[in-house]
Amino acid sequence: MTHKNTELLDRVAALTKQLNHHSQQYYVLDNPEIPDAEYDRLFRELQALESENPELKKVDSPTQRVGGTPLDAFTQVTHRIPMLSLSNVFNEKELQDFYKRVRDRLKTEDEIEFTAEPKLDGLALSLMYEKGILVRAATRGDGTVGENVTENARTIRNVPLHLVGDDIPDLLEVRGEVFMSKAVFEKLNQKARENDEKTFVNPRNAAAGSLRQLDSKIAASRQLSMYCYAVGVVEGFELHATHSEMLKQLGQWGLPLCPDVDVVQSASGCQKFYEKIGKKRDSLSYDIDGVVYKVNDLKLQQQLGFVARSPRWATAHKFPAQEEMTTVNAIEFQVGRTGAITPVARLEPVFVGGVTVSNATLHNMDEIRRMDVRVGDKVIVHRAGDVIPKVVSVVPGTRKENSVEVAIPVVCPVCGSDVVQEEDEAVARCSGGLYCHAQRKEGIKHFASRRAMDIDGLGDKLVEQLVDEKLIDHIDDLYQLKNKIDEISAMERMGKKSVDNLISSLEKSKLTTLPRFIFALGIREVGEVTAASLANYFGDIELLKQADEEALINIDDVGPIVASRVVTFFNQSHNIEVVDKLIAAGIHWPAIEKKSEDELPLVGLSFVVTGTLSTMGRNDAKQLLIDKGAKVVGSVSKKTSYVVVGENPGSKATKAEELGIEILDEASFIEFIK
Ligand code: IVH
């Protein structure tokens with residue numbers, strides 16, 4: 001062998017070793033040691049060497065994970081040991097019956113030990129390792145004959161292409177579940193929605209569809225995962241005594257295991273595990289549809305044996321289904337507190353996710369159009385945990401003949417104002433703003449809040465009460481409350497003193513500042529900073545009312561989106577009416593003196609204030625900066641000029657350090673402001 005060849009071989013071997021190590025760290029142990037970019041660099045180097053020297057490419061090379069030439073069809077694989085299914089129990093009583101059957105059959109009164117595992121909601125896969133090398137992967141199929149999906153399985157990043165560690169069997173078949181994590185599923189569907197493509201109904205369907213792709217490059221792009229839960233054929237290795245020890249052994253060979261597996265005693269231990277996982281279910285990164293109990297002792301498993309197509313030594317304890325099919329009786333549109341218009345399906349009541357559901361969200365107008373859901377359709381409804389039930393898909397072929405497309409409303413169903421949908425947004429909104437009843441409670445709360453009109457004693461609860469009692473409808477009604485003292489006094493928890501305080505706070509709030517007033521109107525996207533810029537630029541509410549987008553875009557800090565929101569707001573005659581009434585009620589502010597440039601020394605600089613300051617509140621500090629022309633933002637980025645850091649600052653300070661942004665402690669901040 002030439003010198004060059006040995007060098008090449010060594011390099012390929014070294015790269016293979018490094019890549020295998022790092023992908024084990026990353027995908028199996030969740031503990032990456034090098035940046036992704038470094039991994040990619042090593043990966044591309046190996047890929048290049050292999051394509052120049054195809055004879056060096058091994059079946060277990062890490063480059064195999066990106067997929068290869070598409071297949072025409074899958075070949076069939078006959079499982080040497082059939083892949084069985086599990087019996088089910090649906091409640092504690094059935095679990096106790098299962099436990100009793102196990103003890104009766106074993107003729108024992110002793111407590112039985114189980115492994116308790118999440119029941120992963122994906123699809124079963126069998127992996128065959130010959131002398132530690134992954135040689136074949138097969139789906140369960142009908143349990144006896146499955147499909148050869150080796151090419152696709154190789155693309156699953158946490159499936160080892162070869163085993164590591166000691167005592168590797170001559171032949172080892174491991175079985176487990178292939179699934180798509182919730183995060184990957186959401187990302188994939190998000191992308192599909194953006195491209196107006198069909199979405200997957202749930203992570204299980206997505207995983208199944210991906211694993212059965214004839215084109216392994218597509219499978220690779222789907223980012224599947226696998227957790228192993230059983231051993232099939234084994235040759236040249238003495239099994240350990242228990243299932244839990246076997247799982248541990250699989251882990252030592254580098255096979256991925258579910259992190260939430262436990263060993264428990266008797267039916268009560270199983271039930272406890274079920275409840276614990278049930279509580280954790282929503283926060284798990286993967287979907288499950290129950291838990292599985294397996295007698296831990298392999299000898300006992302053998303004694304128990306099988307009945308029909310499932311083992312007597314295991315059972316699945318199922319959670320209530322999170323998906324059911326039902327019929328759409330009507331589609332209505334609700335207006336949320338920010339004006340967002342949400343289509344809602346009224347459903348034939350259906351038991352799903354543990355409750356009876358008769359309404360489900362259809363998200364937004366784009367979703368309606370994409371799914372083309374219609375009254376009379378059969379749909380799949382999903383309800384997980386406390387999450388709002390949602391319609392995930394229309395069942396194909398169930399459409400009634402005379403059904404019609406859903407008409408998207410052009411005016412708000414609550415107040416009749418125009419419905420607007422910005423180009424970059426999926427959500428359609430009512431433009432009624434302050435006028436729309438659906439939005440008024442939140443609008444009034446915002447108006448009264450400390451950083452807006454600062455109406456002391458008018459908290460959220462009181463706003464709700466006043467609206468519910470029909471004493472106020474819109475923000476301008478607040479200033480008429482002084483004529484309704486008797487009615488307010490009649491309300492719960494409103495003594496004379498509270499009423500007096502409320503009225504005097506309202507009077508006091510009439511003297512405000514123009515920035516506060518603009519902010520208080522609750523125009524979308526107009527926060528305190530933007531309100532201050534608008535006030536400073538126009539100096540007067542009348543000019544702001546008439547401003548067009550062109551004029552607005554001229555202002556520092558105002559982009560096209562904000563400009564269009566401001567124009568939309570003042571284009572609604574209802575909003576103008578409310579503003580005029582407020583001013584007529586006596587709201588006023590000192591005239592704005594446009595500041596000269598030397599009074600605004602911080603123009604163009606951007607600040608973040610974090611942590612607790614000892615000599616002033618955080619908002620005071622922000623105000624000081626804004627008054628001097630600075631921009632104050634909520635999160636640290638490369639564009640941030642300074643970060644003001646008080647006590648216990650948290651992650652923003654760390655981020656500033658990472659990005660090398662200048663940090664001011666309280667003392668230097670005060671010095672700086674002077
Ligand atoms: S053990 C003989 N353990 O459930 C028992 N199965 O209904 C073999 N599943 O086809 C299965 N999580 O796809 C086992 N921790 C787990 C599981 C699990 C999910 C699936 C598997 C199997 C089906 C049986």
Side-chain angles (χ1 to χ4, degrees), residues 77 79-90 94 98 102 114-127 137-147 149 153 156 158-159 173-181 202-208 210-212 224-234 239 242-244 246-248 250-251 255-264 270 273-274 276-278 280-281 284-298 300-319 321-322:
V77 170
H79 300 294
R80 264 173 63 185
I81 302 175
M83 291 181 79
L84 303 177
S85 55
L86 291 166
S87 62
N88 293 314
V89 299
F90 289 93
E94 290 179 12
F98 162 76
V102 167
F114 295 90
T115 60
E117 311 174 2
K119 187 170 191 295
L120 307 156
D121 202 5
L123 70 158
L125 185 69
S126 146
L127 301 173
T139 61
R140 175 170 178 270
D142 62 4
T144 312
V145 179
E147 286 174 323
V149 291
I156 303 175
N158 70 351
V159 168
E173 183 200 8
V174 264
R175 294 170 176 184
E177 199 83 347
V178 171
F179 60 94
M180 183 179 281
S181 74
N202 55 38
R204 185 194 51 242
N205 286 10
S210 305
L211 191 66
R212 299 195 57 256
L224 299 174
S225 306
M226 179 173 184
Y227 286 145
C228 298
Y229 51 62
V231 172
V233 180
V234 193
L239 289 182
T242 62
H243 177 63
S244 55
M246 272 318 299
L247 287 179
K248 200 167 142 211
L250 295 181
L255 290 154
L257 302 174
C258 172
D260 298 286
V261 173
D262 223 337
V263 174
V264 301
C270 291
F273 180 83
Y274 173 83
K276 187 182 86 184
I277 292 289
K280 261 173 83 170
R281 183 180 186 184
L284 293 174
S285 60
Y286 49 87
D287 250 3
I288 60 175
D289 58 345
V291 297
V292 181
Y293 313 123
K294 299 172 184 169
V295 170
N296 201 18
D297 187 321
L298 297 189
L300 296 185
Q301 282 193 7
Q302 218 174 12
Q303 278 180 48
L304 286 159
F306 297 83
V307 57
R309 300 196 48 79
S310 38
R312 285 199 191 87
W313 43 263
T315 198
H317 193 167
K318 298 286 275 282
F319 292 132
Q322 291 186 325

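Order of appearance sets the numbers: ligands from 1, and atoms from 1 within every ligand. Since the structure is predicted, the reported quantities are computational estimates derived from the model, not experimental observations. Every heavy atom of this structure was used, including side-chain atoms; hydrogens, water molecules and symmetry mates were not.
- The protein heavy atom nearest to atom 4 (O) of ligand 1 is Lys119 NZ, 3.2 Å.
- Tyr274 and Phe319 have tilted rings, their planes meeting at an angle from 30° to 60° on a 0 to 90° scale.
- Residue Glu177 places at least one N or O, backbone or side chain, under 3.5 Å from an N or O of ligand 1.
- At a heavy-atom distance under 4.0 Å, only side-chain atoms of Val292, from C-beta outward, approach ligand 1.
- Residue contacts with ligand 1, taken as heavy atom pairs separated by less than 4.0 Å, involve Pro118 solely via the backbone atoms N, CA, C and O.
- A 4.5 Å side-chain heavy-atom check between Cys228 and Pro256 finds at least one atom pair inside the cut-off.
- The part of Pro311 lying near ligand 1 is the side chain, judged by heavy-atom distances below 4.0 Å.
- At least one donor-acceptor pair closer than 3.5 Å links the side chain of Arg281 to the backbone N or O of Ile288.
- Remark: minimum distance from atom 8 (C) of ligand 1 to any protein heavy atom is reached at Leu84 O, 4.2 Å.
- Residues Cys258 and Glu117 are not in side-chain contact: their nearest non-hydrogen atoms beyond the backbone lie 4.5 Å or more apart.
- Nearest protein heavy-atom contact of atom 5 (C) of ligand 1 is Leu86 CD2, 3.6 Å.
- Side-chain contact check for Leu127 versus Met226: some heavy-atom pair is nearer than 4.5 Å.
- Here Lys294 has side-chain heavy atoms under 4.0 Å from ligand 1, and that is the only part of it that gets that close.
- Using a 4.5 Å cut-off on side-chain heavy atoms (C-beta onward), Met246 and Leu239 make contact.
- Close approach of ligand 1 to Ala124 (heavy-atom distance below 4.0 Å) involves ligand atoms 10 (O), 13 (O).
- Counting only heavy atoms of the protein, atom 12 (N) of ligand 1 lies nearest to Leu120 N, 3.0 Å.
- Ring-plane geometry between Tyr227 and Tyr286 is classed as perpendicular, the angle between the planes exceeding 60 degrees on a 0 to 90 degree scale with a lower cut at 30.
- Using a 4.5 Å cut-off on side-chain heavy atoms (C-beta onward), Arg80 and Glu173 make no contact.
- When only non-hydrogen protein atoms are considered, atom 21 (C) of ligand 1 lies nearest to Tyr229 OH, 2.9 Å.
- For ligand 1, the atoms lying closer than 4.0 Å to a non-hydrogen atom of Glu117 are 3 (N), 15 (N), 16 (C).
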